Protein chains: 2
Amino acid sequence: MRMNNSVTLRDIAKALNLSISTISKALNDSHEIGAETKQKVLDYAKKHHYSPNRMAKGLKEGKSRSIGVVVCSLDNNVIAQMLDGIHKASTEKSYQIIIMQSKESEKQESACIELLYAGGVDGILISPAYETINFSYLVSLQDAGLPIVLFDRLIDQINTHKVGADNFKGAYDATRHLIDNGYKNIAHLNTNTILSIATDRLNGYKQALADSGIKYRPELLRSCNYTDTNKLNEDLEQAIKYYMGLKDRPDAIFTATDQISTRCLMLLNKMGYKIPEDVALIGFTNTELADAMNPPLSTVHQPAFEIGQFAAEKLIAMIEGKRLDEGYETVMLPTNIKVRASSQSRI
Amino acid sequence: MRMNNSVTLRDIAKALNLSISTISKALNDSHEIGAETKQKVLDYAKKHHYSPNRMAKGLKEGKSRSIGVVVCSLDNNVIAQMLDGIHKASTEKSYQIIIMQSKESEKQESACIELLYAGGVDGILISPAYETINFSYLVSLQDAGLPIVLFDRLIDQINTHKVGADNFKGAYDATRHLIDNGYKNIAHLNTNTILSIATDRLNGYKQALADSGIKYRPELLRSCNYTDTNKLNEDLEQAIKYYMGLKDRPDAIFTATDQISTRCLMLLNKMGYKIPEDVALIGFTNTELADAMNPPLSTVHQPAFEIGQFAAEKLIAMIEGKRLDEGYETVMLPTNIKVRASSQSRI
DNA sequence: CTGTTAGCGCTTTCAG
DNA sequence: CTGAAAGCGCTAACAG
């Protein structure tokens with residue numbers, strides 16, 4: 001049973017009265033084939049839309065020219081942009097990508113990885129779920145020789161190439177920006193995960209406070225559950241109520257993730273707080289709709305496309321055996337602050 | 001060269017002192033294998049994490065258990081939701097999906113399709129680019145036996161299963177909603193494409209006007225270029241300026257696509273028009289951020305996830321030979337209107 | 001320079 | 001009930 005109805009090497013061989021291997025070599029531009037034969041083969045192949053069978057080639061070569069990508073979700077602007085970057089880098093090197101979603105669940109993430117591995121991918125790009133604590137399965141695959149690159153959400157538990165945003169700097173800049181605009185009591189809303197993405201951002205926030213001589217107040221840090229949207233909303237609502245009920249209540253909030261940033265804005269509006277008069281807001285997110293919001297939302301923008309692209313390039317380099325460099329590298333691409341009305345200066 | 005380090009049938013055969021074909025049959029639960037042998041094989045396979053090699057299986061069976069998906073872009077909330085649905089349906093039937101982006105370019109779209117076909121996909125799910133006029137390549141592949149299902153953006157030029165939103169009804173409802181809320185001069189902003197998605201929405205708009213005894217004014221229809229974001233923004237800005245400069249200027253705008261809806265809101269804000277006092281707004285889009293906007297944007301919501309899911313199920317049914325039903329089917333899933341402040345009643 | 005052959009891992013007759 | 005063998009389309013060693 002032939003795939004599609006496509007022409008095979010055999011068809012060309014028969015038509016041209018040559019052997020299969022001659023055709024194969026001609027198409028692979030082998031030096032041991034004569035110029036005119038080569039031309040004849042190439043012409044025939046082009047004319048009849050020959051394209052090599054991925055399966056056969058993959059089987060023979062022991063690789064599939066496909067890479068697995070594991071993300072928490074497709075329906076998220078930052079991730080869509082990263083996937084776009086991954087997609088670009090991959091197709092450039094003619095790799096296919098197989099995308100899987102963990103939905104922030106450790107269990108589902110393992111299932112994705114297993115499926116990808118079983119499916120014979122040549123390597124895996126992964127941005128771990130918030131929930132994941134145990135990375136031993138991933139490590140075992142790595143030990144078994146599977147190239148793995150981490151992107152966006154990085155972890156220390158696994159030693160490989162990593163590509164993410166400079167979260168410390170992004171958080172530092174955002175906090176600093178609030179301080180420079182006259183805000184003093186700055187709350188930080190983040191997520192309860194062991195991923196460095198959370199601690200890096202928290203540390204950036206703390207450092208900015210310290211550098212400005214503002215004491216860090218632990219009661220201004222709230223960590224929300226991220227696995228379930230409903231739970232997240234609940235946690236956020238509670239956090240905001242808690243903040244606004246404090247004696248010395250915050251005059252600004254710095255939010256750590258896309259979801260938290262936008263939902264926080266909605267909730268503040270819903271509860272009737274004026275932004276930035278009652279409380280200012282700046283947060284991580286890449287949505288183009290920040291300008292359309294009420295009020296326009298100040299954001300920390302991540303180079304999502306570039307993160308994806310760079311991570312994919314790294315992985316492909318690993319797959320293709322360029323494991324030459326002794327050590328693994330962690331790359332942090334710069335974020336940048338986009339100031340809008342939600343963090344307007346009160347000075 | 002073996003894929004990964006995975007165990008093969010041969011490994012199991014050697015270990016158990018059986019033949020390869022016995023193992024194969026045992027794993028496929030063939031009736032011609034004894035119960036205890038079967039058990040022994042299954043146990044060993046499980047213990048050693050055996051999983052069949054996709055490439056080999058695909059080569060043998062002449063199919064790849066993968067489906068190609070062509071969309072205009074990844075970075076779009078409606079599409080992300082559709083992909084999510086496609087993904088769910090596909091993984092349930094253990095098909096992999098290969099996603100390609102046309103970026104609204106006819107040329108790039110052809111390239112995507114060619115790549116997918118060459119890559120040996122078992123079928124193609126496609127939502128055509130706005131720009132595409134010539135569908136002959138797709139038709140020729142279909143004639144060659146490749147199953148194709150259209151989703152989201154449907155066209156008449158190709159005869160197959162199609163799954164989309166009920167765009168006529170969505171547009172009708174949106175326009176009717178504006179009329180019911182006291183708006184009389186309703187403009188319609190859409191795109192210049194031959195895709196039925198545009199004409200259906202236009203017709204729904206016209207029908208709602210007719211049913212309410214309002215005369216259709218052609219000067220209130222503007223069609224924007226959609227291929228290039230910059231061009232779109234320009235066209236939109238011009239259209240709005242044009243509308244607002246009219247003697248009998250519109251008191252409401254109904255926008256036909258995700259991009260147009262959100263950008264239109266931004267532009268109106270930027271130009272200083274009050275929504276809905278100066279001009280009301282309702283438009284197609286699925287963004288969760290409608291509530292966060294200034295003002296909260298009334299939307300026509302498409303069942304994007306379901307469209308993707310249903311389309312994928314149809315395609316897989318076709319692939320698996322259930323082409324039994326004589327005719328092809330076009331399914332229109334219902335949209336629903338989400339009323340927010342941007343189209344508040346002026347009565 | 002061109003052809004023959006073996007084999008990647010799997011399914012599937014066909015024999016035993 | 002189990003095994004041997006062919007072949008899916010391709011590459012690569014080895015002959016000629």
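Per chain, numbering begins at 1; letters A, B, ... match sequence-line order. Please read all numbers here as calculations on a predicted model, not as lab measurements.
Rounded to an integer number of Å, the gap from NE2 of B:His31 to C1' of C:dT12 is 12 Å. Atoms CE (B:Met55) and P (D:dC10) sit 14 Å apart, rounded to a whole Å.
From one end of the helix from C:dC1-D:dG16 to C:dG16-D:dC1 to the other, with five pairs defining each end axis, the axis direction shifts by 50° (rounded to 10°).
Residues passing the side-chain hydrogen bond (donor to acceptor under 3.5 Å, both in side chains) test with A:Lys107, sequence neighbours excluded: none. In this structure B:Glu306 satisfies the side chain to side chain contact (heavy atoms under 4.5 Å, CB included) test together with B:Pro303, B:Leu333, sequence neighbours excluded. Under the side chain to side chain contact (heavy atoms under 4.5 Å, CB included) criterion, A:Gln309 pairs with A:Lys88, A:Ala89, A:Phe305, A:Glu313, sequence neighbours left out.
In plain terms, the two heavy atoms of A:Pro147 and A:Gly145 that are nearest each other are CD-O, 3.3 Å.
Under 4.0 angstrom from either OP1 or OP2 of C:dG9 there lies no side-chain N or O belonging to B:Arg54. Residue A:Arg10 has a polar side-chain atom (N or O) positioned under 4.0 Å from OP1 or OP2 of D:dC8. An OP1 or OP2 oxygen of D:dC8 is reached within less than 4.0 angstrom by no side-chain nitrogen or oxygen of A:Asn53. Remark: B:Ser24 is in phosphate contact with C:dT11, judged by side-chain N or O atoms under 4.0 Å from OP1 or OP2. Close to D:dG3, at under 4.0 Å from its OP1 or OP2, lies no side-chain N or O of B:Ser21. Phosphate proximity of D:dT2 to B:Thr22: absent, as no side-chain N or O sits under 4.0 Å from OP1 or OP2. Side-chain nitrogen and oxygen atoms of A:Lys57 include at least one within less than 4.0 Å of the OP1 or OP2 phosphate oxygen of D:dT11.
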Name the atoms and distances for all side-chain donor-acceptor pairs under 3.5 Å in residues 40-50 of chain A, with sequence neighbours left out.
| residue | atom | partner | partner atom | Å |
| --- | --- | --- | --- | --- |
| A:Asp43 | OD1 | A:Gln39 | NE2 | 3.0 |

Return a table of donor-acceptor pairs under 3.5 angstrom between the side chains of residues 26-34 of chain B and protein atoms on other chains or two or more places apart.
| residue | atom | partner | partner atom | Å |
| --- | --- | --- | --- | --- |
| B:Asn28 | ND2 | B:Ser24 | O | 3.1 |
| B:Asp29 | OD1 | B:Lys38 | NZ | 3.0 |
| B:Ser30 | OG | B:Glu32 | N | 3.1 |

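Just one of A:Gln157, A:Glu109, A:Glu106 meets the side chain to side chain donor-acceptor pair (under 3.5 Å) condition when paired with A:Thr132; it is A:Glu109.
In this structure, the nucleotide among D:dC10, D:dG3, C:dT11 sitting nearest to the side chain of B:Ile20 is C:dT11.
Within residues 32-51 of chain A, the residues approached by DNA chain D to less than 4.0 Å at the level of any non-hydrogen atom are A:Tyr50, in residue-number order.
Applying the salt bridge (charged side-chain N to carboxylate O under 4.0 Å, His left out) test to pairs two or more places apart or on separate chains, those with a residue in residues 153-164 of chain A are A:Glu104-A:Arg153. Screening residues 123-150 of chain A for ring pair (Phe, Tyr, Trp, His ring centres under 6.0 Å) gives A:Tyr130-A:Tyr226 as the qualifying pairs, with residues at least two apart or on separate chains.
Below the 3.5 angstrom threshold, one finds a donor paired with an acceptor across the side chain of A:Lys25 and the base of C:dG3.
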